[in-house]
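Nothing here was measured: the structure is a model prediction, and the numbers come from that model. What's counted below: heavy atoms across the whole structure, side chains too, no hydrogens, waters or symmetry copies.
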Amino acid sequence: MKKRVLTGSRTTGSPHLGNYFGAYKPAIELGKKYQLFFFLADFHSLDDLPSKEKLKMDSLDMAATLLSCGLNPNESMLFAQSAVPEVTELCWMLACIAPYGMMLRSVAFKDAQAKGKVNMGVFNYPILMAADTPLRCRARPSR
């Protein structure tokens, strides 16, 4: 059995060359050697407050781009983060035990605070990232 690798990308805006060289191409290459699980990080995009239509379109654009760039759906699993309810469940549990002071030290939070764009999505972003991690243990491709 191949070793697994999990990666994902925020569904914000139209995919571009930076996405391709920085995330998509390396992930697709990993999928040739490992069992790849690539998730559309649509929950991670919510802190930008996109409309429902924009969130859906950005997710579809990313999925189409990944497939057109060579992601093989017969060998890799492509899925939306929002399709896994355990992510939000674990996020809530982790949020209940995460120290407030630790969250204040988050680089993303400090950056957003400096720009005056703080919301609880930004504040809890590191917790959501931690909740993504068990996906690699649970995800099973359906054939």
Run the side chain to side chain contact (heavy atoms under 4.5 Å, CB included) check on Thr7 and Leu36 step by step: do they pass?
CA-CA 8 Å; Thr7 190; Leu36 175 66; 4.1 Å; yes

Kindly determine whether Phe39 and Met77 satisfy side chain to side chain contact (heavy atoms under 4.5 Å, CB included), including the steps that lead there.
CA-CA 8 Å; Phe39 68 96; Met77 174 162 279; over 6 Å; no

Audit row: Met120, Asp47, side chain to side chain contact (heavy atoms under 4.5 Å, CB included) steps and yes/no
CA-CA 8 Å; Met120 289 307 294; Asp47 63 1; over 6 Å; no

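Contact between Ile28 and Leu66 at its shortest, heavy atoms only, is CD1-O, 4.0 Å. Taking each heavy atom of Ser68 and Thr65 in turn, the nearest pair found is OG-O, 2.9 Å. What you find for Ser14 and Asp61 is that their closest heavy atoms are OG-OD2, 4.4 Å.
The closest side-chain heavy-atom distance from Leu40 to Phe79 is not below 4.5 Å. By the 4.5 Å heavy-atom criterion applied to side chains, Lys115 and Val122 are not counted as neighbours. You'll find the side chain of Ser9 reaches within 4.5 Å of the side chain of Phe38, heavy atoms only. The shortest side-chain heavy-atom distance between Asp132 and His44 falls under the 4.5 Å cut-off. Side-chain contact check for Trp92 versus Ile127: every heavy-atom pair is 4.5 Å or farther apart. Contact check for Leu55 versus Ser45: side-chain heavy atoms found under the 4.5 Å cut-off. Side-chain contact check for Gln35 versus Ser76: every heavy-atom pair is 4.5 Å or farther apart. Between Tyr24 and Pro15 the shortest side-chain heavy-atom distance falls below 4.5 Å.
Other residues, nucleotides and ligands contribute over 12 non-hydrogen atoms within 6.0 Å of the NZ atom of Lys2. Atom OH of Tyr34 has 12 or fewer heavy atoms from other residues, nucleotides or ligands within 6.0 Å.
The hydrophobic clustering, which links ILVMFWY residues whose side-chain heavy atoms are closer than 4.5 Å, places Val118 and Tyr125 apart. In the hydrophobic cluster analysis, where Ile, Leu, Val, Met, Phe, Trp and Tyr join through side-chain heavy atoms closer than 4.5 angstrom, Met103 is grouped apart from Leu128. Met93 and Tyr100 sit in two unconnected hydrophobic clusters of ILVMFWY residues. Membership requires side-chain heavy atoms under 4.5 Å apart, directly or through other members. Under a hydrophobic clustering in which Ile, Leu, Val, Met, Phe, Trp and Tyr are joined whenever their side-chain heavy atoms come within less than 4.5 Å, directly or via other members, Val107 and Phe123 fall into different clusters. Note on Leu46 and Met129: separate hydrophobic clusters, where clusters join Ile, Leu, Val, Met, Phe, Trp and Tyr whose side-chain heavy atoms are under 4.5 Å apart, directly or indirectly.
One N or O on the side chain of Asp58 and one on the backbone of Gly13 form a donor-acceptor pair closer than 3.5 Å.
Here Gln81 contributes atom CD and Arg10 contributes atom CZ; the two are 10.5 Å apart, rounded to the nearest 0.5 Å. Taken to the nearest 0.5 Å, the CD atom of Glu89 stands 5.5 Å off from the CD atom of Glu86. Atom CD1 in Ile97 sits 8.5 Å away from atom CE in Met102 (nearest 0.5 Å).
At a threshold of 4.0 Å, the pair Lys54-Asp48 does not count as salt-bridged, since none of the basic side-chain nitrogens sits closer than that to a carboxylate oxygen. A salt bridge does not link Lys56 with Glu53: none of the charged nitrogens is closer than 4.0 Å to a carboxylate oxygen.
Asp42 and Thr11 share no donor-acceptor pair across their side chains, judged by distance under 3.5 Å alone.
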